[in-house]
Amino acid sequence: MSIDRARKIKVILFDVDGVLTDGTIWLFPAPPDSDSPASQHTNADGYGIMNKKTIEAKGFHAHDGTAISLARLGGLKTGFVTKRISETVALRARDLKIDYLFQGADNNPTCWTRS
């Protein structure tokens, strides 16, 4: 019975901060004259870094990445849903070939995007 129920699962969605990370966020000074994409999100709700002088980094666990890759190989779609908007999360989603990435989540499912 549980195997039949498991076969019906098509998508696995994950929160990011505190779920795929330990909740730690590192802030580093950006190189001079770097034009970070952060500037396009300056007025967006949930965006953690609001200037071009700082780079945000998060510590992701390699085992989570392996599990997500195995789920994808098993035919499941995967996605991240997070309140914060972070270039680090976008890079992790790209590296893991995440199907759905929703940053700036504010209980509004109409803003889904494919990564």
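The residues of the chain are indexed from 1 along the displayed sequence. These numbers come from a predicted model, not from an experiment.
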To the nearest 0.5 Å, tell me how far [X] [atom1] sits from [Y] [atom2].
X: R92; Y: D64; atom1: CZ; atom2: CG; answer: 7.5 Å
X: L76; Y: I68; atom1: CG; atom2: CD1; answer: 11.5 Å
X: D17; Y: T88; atom1: CG; atom2: OG1; answer: 10.0 Å
X: T78; Y: L13; atom1: OG1; atom2: CG; answer: 8.5 Å
X: D22; Y: H61; atom1: CG; atom2: NE2; answer: 9.5 Å
X: I25; Y: K58; atom1: CD1; atom2: NZ; answer: 4.5 Å

Could you tell me which non-hydrogen atom of L96 sits nearest to which non-hydrogen atom of S69, and how far apart they are? CD2-OG, 3.9 Å
Heavy-atom closest contact (A57 atom, F28 atom, distance): CB-CE1, 3.7 Å
Between E87 and E56, is there a donor-acceptor pair closer than 3.5 Å when you use the side chain of the first and the backbone of the second? no
Taking R72 for its side chain and D99 for its backbone only, find out whether a donor-acceptor pair lies under 3.5 Å. no
Do R7 and D4 sit within salt-bridge range, that is, some charged N less than 4.0 Å from a carboxylate O? yes
What verdict does the side-chain contact (heavy atoms from CB on, under 4.5 Å) test give for I12 and F14, after you've listed the backbone C-alpha separation in whole Å, the side-chain angles of each residue and the deciding distance to 0.1 Å? CA-CA 7 Å; I12 301 175; F14 301 92; 3.3 Å; yes
